[in-house]
Amino acid sequence: MSKATIEKISNLCKRRGFIFQSSELYNGINGFWDYGPNGVAMRRALEQAWWNYMVEARDNVEGQDSTIICHPQVWKASGHVDQFADIMVDNKISKKRFRIDNLLEQQSPEVLQALADSFETEADVAKLEASFETQVEQKTELVKVILNDCKVIDPSTKKPGDWTEPKQFNLMMQTYVGPVFDEDHKAYLRAETCQPIFINFHTIATSMRQKVPFGIAQTGKAFRNEINPRNFTFRSREFSQMEMEFFCHEEEAMDWYNYWRDERLKFYKDVLNFRPEATRTHDHEKLAHYAKAAMDIEFEFPFGWGELEGIHHRGTWDLSQHAEHSKQKLEYFDQARNERYIPTVIETSVGLDRLMLAILCHAYDEDEAETQKEGKETDVRVVLRLPAVVAPVQVAVLPLSKKLSESSEKIHKDLQKNFRSAHDVTQAIGRRYRRQDEIGTPLCVTYDFDSEEDNCVTVRDRDTMTQERISLDELQGYIFNKLNA
RNA sequence: GCGAGUGUAGCUCAAUGGUAGAGCAUCACCUUGCCAAGGUGAAUGUCGAGGGUUCGAGUCCCUUCACUCGCUCCA
């Protein structure tokens with residue numbers, strides 16, 4: 001049972017320079033988070049671990065880095081502009097909020113007819129929804145009156161609601177390209193990193209002489225106007241994704257789907273050392289209309305199970321959409337099969353910030369340690385049992401006394417060439433060990449008064465708190481082996 | 001957006017309407033000192049912001065901002 005709570009994690013993250021509220025000086029901004037020195041070190045290491053595993057170690061996956069702002073048509077083609085915009089309305093009596101399309105679907109024919117009469121249209125959900133959209137765009141007060149006059153039912157109470165003015169919720173963030181802010185210059189910040197992969201598919205296949213099946217990976221920022229950001233960094237409005245789109249022939253798609261699912265599970269197990277019970281897989285019961293198969297890899301956060309990664313069989317939907325909207329042929333000619341087709345896509349998509357949070361929750365531990373504090377035998381030790389590959393500091397060099405700091409700094413400088421090393425000279429040694437435990441440093445190297453004589457240092461292990469005397473000549477190799485164990 | 005809650009030192013939190021505090025953390029010095037050790041000292045605040053009531057407001061009232069939790073949303 002994990003001892004982590006979101007409150008403890010977020011406190012530790014702030015106290016130790018991992019993650020804190022963005023723009024705190026101005027009271028913060030909801031859904032945006034900054035990474036401090038330890039947070040950014042860990043995040044870069046994690047991103048690099050993913051990149052190495054998914055791109056660098058493979059011949060059939062290429063990398064790319066696209067712009068955050070793309071041609072607005074990209075997001076119309078992908079369906080985001082439509083699907084990310086909903087009209088919402090609140091019932092003041094039940095305090096519930098509804099999407100107008102969901103609400104319309106649950107009305108009786110009488111109510112629908114009354115609405116249709118008011119809008120001078122037909123009693124059809126799609127047509128009524130279109131009427132609502134027009135009215136809401138024109139910001140008329142009429143809609144609220146109509147909702148209430150037609151006695152639209154609240155599905156949760158089965159009674160007419162006291163409806164507020166419907167509002168348009170846009171989940172895509174908007175901006176303007178060029179100095180003139182009008183409709184013609186409207187653009188979107190990308191809501192996911194995968195669309196720019198789809199539109200670059202042919203350019204990359206050609207330039208890298210790749211043949212299907214092959215993949216393209218990208219990491220980077222994505223933006224969504226989440227209605228309600230919650231649970232620390234779990235749902236943020238600006239976040240990073242690590243996505244890979246694998247293009248293959250439809251006949252092989254399920255095999256590749258299974259292959260990538262297994263690869264991704266292996267990543268969590270072998271690279272990040274997740275305990276088996278920390279994650280689970282969850283097959284989607286309701287598939288998006290274009291999807292053939294979809295599953296999530298979930299992690300048990302202190303607030304419950306949450307999605308870390310999605311593995312999706314997207315069919316030919318995305319490339320077909322872009323082919324249609326761009327009026328370009330996005331077919332691939334497969335020489336081996338002597339066949340022309342739109343490749344099928346298998347996607348792996350993980351949230352970098354969510355994964356950071358999961359790793360922190362997974363690593364958080366409290367144990368009992370002996371103390372020399374007066375009146376106490378043991379004390380609670382807070383320790384992050386981070387895998388060495390992502391630990392912000394991999395080794396800390398600590399002189400037993402400040403007088404020894406000249407020699408210890410030389411060791412630190414030497415270790416810095418190969419590892420993320422820190423040098424800490426202030427305060428009692430025990431306190432420094434505890435500080436390093438809290439940021440998850442796997443190894444501490446202590447230089448003492450004997451070191452001058454015997455050319456040896458003490459290496460202390462974070463998890464066992466045991467110490468070993470190591471010759472300075474063997475130190476680099478010893479640390480390398482321990483960190484890669 | 002609705003409802004509830006919270007804003008005081010870096011953190012956790014005190015303070016009947018009457019001089020803003022503690023613990024921890026931080027920093028400096030001392031200590032041949034290996035697990036938040038001991039000692040001496042230091043720094044730290046527009047009490048979220050604005051207005052009002054009062055002789056006097058961190059405390060009461062109003063407004064506002066931000067955050068947290070619940071509802072809605074989460075392809």
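Within every chain, numbering begins at 1; the chains are lettered A, B, ... in the order of the sequence lines, protein sequences first and strands thereafter.
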>> Tell me if the aromatic rings of Phe239(A) and Trp33(A) count as close, with their centers under 6.0 Å from one another.
In response: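 No - the distance between ring centres of Phe239(A) and Trp33(A) does not fall below the 6.0 Å cut-off.
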
> Can a salt bridge be assigned to the pair Asp424(A) and Arg431(A) using a cut-off of 4.0 Å between side-chain N and carboxylate O?
Replying inline: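 Salt bridge flag = no for Arg431(A) with Asp424(A).
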
>> In dot-bracket form, 5' to 3', how is RNA chain B paired? Count Watson-Crick and G-U wobble pairs only if both distances fall under 3.5 Å, and write | where the partner sits on another strand.
In response: (((((((..((((....[..)))).(((((.......))))).....(((((..]....))))))))))))....

How many Å lie between [atom1] on [X] and [atom2] on [N], as a whole number?
X         : N      : atom1 : atom2 : answer
Asp448(A) : C35(B) : CG    : C1'   : 14 Å
Asp463(A) : C35(B) : CG    : P     : 19 Å
Asp424(A) : A25(B) : CG    : C1'   : 14 Å
Phe303(A) : G70(B) : CZ    : C1'   : 16 Å
Leu12(A)  : U12(B) : CG    : P     : 12 Å
Lys14(A)  : U26(B) : NZ    : P     : 16 Å
Leu398(A) : U32(B) : CG    : C1'   : 17 Å
Ile9(A)   : U68(B) : CD1   : C1'   : 17 Å

>> Using heavy-atom distances to pick each residue's nearest nucleotide on RNA chain B, tell me which of Phe239(A) and Pro229(A) is more 5'.
In response: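 Final value for this comparison: Pro229(A).
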
> For RNA chain B, whose closest nucleotide is more 5', that of Glu7(A) or that of Ile29(A)?
Replying inline: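 Nearest-nucleotide comparison on RNA chain B picks Glu7(A).
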
Considering only atom [atom1], compute the distance from [N] to [M] and round it to an integer number of Å.
N      : M      : atom1 : value
C65(B) : C29(B) : P     : 48 Å
G10(B) : C27(B) : P     : 15 Å
C13(B) : G48(B) : P     : 15 Å
G17(B) : A25(B) : C1'   : 33 Å
U12(B) : G7(B)  : P     : 11 Å
C62(B) : A43(B) : C1'   : 38 Å

> Of all the choices, C34(B), C35(B), A36(B), which nucleotide is nearest to the side chain of Arg16(A) once you look at every atom?
Replying inline: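 When the side chain of Arg16(A) is considered, A36(B) is the closest of C34(B), C35(B), A36(B).
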
>> Using a 4.0 Å heavy-atom cut-off, does Gln467(A) contact any base of the nucleic acid, only the sugar-phosphate backbone, or nothing at all?
In response: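 Base contact.
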
>> Applying a 4.0 Å non-hydrogen cut-off, can you work out what Asn225(A) is touching in the nucleic acid: base, sugar-phosphate, or nothing?
In response: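 Answer is nothing: Asn225(A) stays at 4.0 Å or more from every strand.
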
Just to confirm, is there a sub-4.0 Å distance from OP1 or OP2 of [N] to any side-chain nitrogen or oxygen of [X]?
X         : N      : value
Asn30(A)  : U68(B) : yes
Asn11(A)  : G10(B) : no
Thr426(A) : C27(B) : yes

> Of Glu243(A), Glu245(A), His322(A), which is the lone residue that meets side-chain hydrogen bond (donor to acceptor under 3.5 Å, both in side chains) with Gln195(A)?
Replying inline: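 Exactly one candidate clears the test, His322(A).
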
> Which ones in residues 427-444 of chain A lie close to RNA chain B, meaning a heavy atom under 4.0 Å from one of its atoms?
Replying inline: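 Result for residues 427-444 of chain A: Gln427(A), Ala428(A), Ile429(A), Gly430(A), Arg431(A), Tyr433(A), Arg434(A), Arg435(A), Glu438(A), sorted by number.
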
>> Quiz question: by atom type and distance under 3.5 Å, do the side chains of Thr344(A) and Glu250(A) form a donor-acceptor pair?
In response: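 No, because no side-chain N or O of Thr344(A) sits under 3.5 Å from a partner of the opposite role on Glu250(A).
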
>> Within this structure, what is the SG-CZ distance for the pair Cys70(A) and Arg190(A), rounded to the nearest 0.5 Å?
In response: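 Cys70(A) atom SG to Arg190(A) atom CZ measures 7.0 Å (nearest 0.5 Å).
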
> For the atom pair CD (Gln241(A)) and CG (Leu352(A)), what is the distance rounded to the nearest 0.5 Å?
Replying inline: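 The distance works out to 10.0 Å.
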
Residues in ring pair (Phe, Tyr, Trp, His ring centres under 6.0 Å) with [X], at least two apart?
X         : value
Phe201(A) : Phe214(A), Phe247(A)
Trp75(A)  : His80(A)
His423(A) : His412(A)
Tyr433(A) : none

For [X], check salt bridge (Lys or Arg N to Asp or Glu O under 4.0 Å) against everything at least two apart and list the hits.
X         : value
Lys413(A) : none
Asp367(A) : Arg381(A), Arg385(A)
Lys14(A)  : Glu24(A)

Show me the side-chain donor-acceptor pairs of residues 294-303 of chain A shorter than 3.5 Å, one per line, residues at least two apart or across chains.
{"residue": "Asp296(A)", "atom": "OD1", "partner": "His284(A)", "partner atom": "NE2", "Å": "2.9"}
{"residue": "Asp296(A)", "atom": "OD2", "partner": "His284(A)", "partner atom": "NE2", "Å": "3.0"}
{"residue": "Glu298(A)", "atom": "OE1", "partner": "Arg280(A)", "partner atom": "NE", "Å": "2.7"}
{"residue": "Glu298(A)", "atom": "OE1", "partner": "Arg280(A)", "partner atom": "NH2", "Å": "2.9"}

> Is there a side-chain contact (heavy atoms from CB on, under 4.5 Å) between Leu308(A) and Phe274(A) once you walk through the steps?
Replying inline: CA-CA 13 Å; Leu308(A) 265 193; Phe274(A) 273 12; 4.3 Å; yes

At a cut-off of 3.5 Å, list every protein nitrogen or oxygen paired with a nitrogen or oxygen from nucleotides 29-31 of chain B, distance to 0.1 Å.
{"residue": "C29(B)", "atom": "OP2", "partner": "Lys402(A)", "partner atom": "NZ", "Å": "3.1"}

>> Does Arg16(A) qualify as a cation-pi partner of Phe18(A), given the criterion of NZ or CZ under 6.0 Å from the six-membered ring centre and within 45 degrees of its axis?
In response: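 No, Arg16(A) and Phe18(A) do not form such a contact.
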
For nucleotides 43-48 of chain B, tabulate all protein N/O to nucleotide N/O atom pairs closer than 3.5 Å, reporting atom names and distance.
none

